[in-house]
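This chain uses plain numbering: 1 for the first residue, then up along the sequence.
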Amino acid sequence: MPEWRYRGRTVTAEDIEFIRRLVAEHPAASRRVLSAKLCEAWQWKQANGALRDMVCRGLLLMLHRGGQIELPEIRFRPPNPLVQRQRPQPMLIDTTPPYVRAQ
């Protein structure tokens with residue numbers, strides 16, 4: 001098995017097996033819930049005590065894409081207002097020659 005590293009942490013075969021068991025024990029859990037449970041199990045916390053949830057989700061996604069674990073389907077995608085924005089009106093550029101404008 002190849003060695004997996006994520007943000008300075010080496011992920012061992014035992015770690016991957018632990019994550020597989022965690023996913024199997026919570027079949028109805030979302031990716032976010034699984035991430036929080038893994039953070040709690042590994043005591044993965046920020047300096048302020050908050051769970052390192054986004055870092056953990058990145059790790060889970062890397063392992064999922066690498067074929068090491070199977071994550072549940074994505075349930076919710078927040079709307080992206082930048083995708084739905086309207087295009088601005090085109091700018092009109094004065095194309096008359098400068099010597100005509102000066103008169």
Looking at residues at least two apart in the chain, or sitting in another chain, which of them share a side-chain contact (heavy atoms from CB on, under 4.5 Å) with [X]?
{"X": "Arg5", "answer": "Glu3, Thr10"}
{"X": "Arg87", "answer": "none"}
{"X": "Ala41", "answer": "Phe18"}
{"X": "Ile93", "answer": "none"}

Inset, instruction - Scan for salt bridge (Lys or Arg N to Asp or Glu O under 4.0 Å) pairs involving residues 26-39, sequence neighbours excluded, and state none if there are none. - result: none

Inset, instruction - Using the rule that two of Ile, Leu, Val, Met, Phe, Trp, Tyr join whenever any of their side-chain heavy atoms come within less than 4.5 Å, decide whether Val23 and Leu61 are in one cluster. - result: no

Could you tabulate the donor-acceptor pairs under 3.5 Å formed by side-chain atoms of residues 43-60, not counting sequence neighbours?
residue, atom, partner, partner atom, Å
Gln43, NE2, Glu40, O, 2.9
Gln46, NE2, Leu51, O, 3.3
Asn48, OD1, Ala50, N, 3.0
Asp53, OD1, Ser35, OG, 2.6
Asp53, OD2, Arg57, NE, 3.2
Asp53, OD2, Arg57, NH2, 2.4

Return the [atom1] to [atom2] distance between [X] and [Y], rounded to the nearest 0.5 Å.
{"X": "Ile69", "Y": "Ile19", "atom1": "CD1", "atom2": "CD1", "answer": "5.5 Å"}
{"X": "Trp4", "Y": "Thr12", "atom1": "CH2", "atom2": "OG1", "answer": "13.5 Å"}
{"X": "His26", "Y": "Leu38", "atom1": "NE2", "atom2": "CG", "answer": "11.5 Å"}

Inset, instruction - For atom CZ of Arg75, decide whether the heavy atoms of other residues, nucleotides or ligands shown that lie under 6.0 angstrom number more than 12. - result: yes

Inset, instruction - Look only at the side chain of Arg21 and the backbone of Ile16, and say whether a donor-acceptor pair between them is shorter than 3.5 Å. - result: no

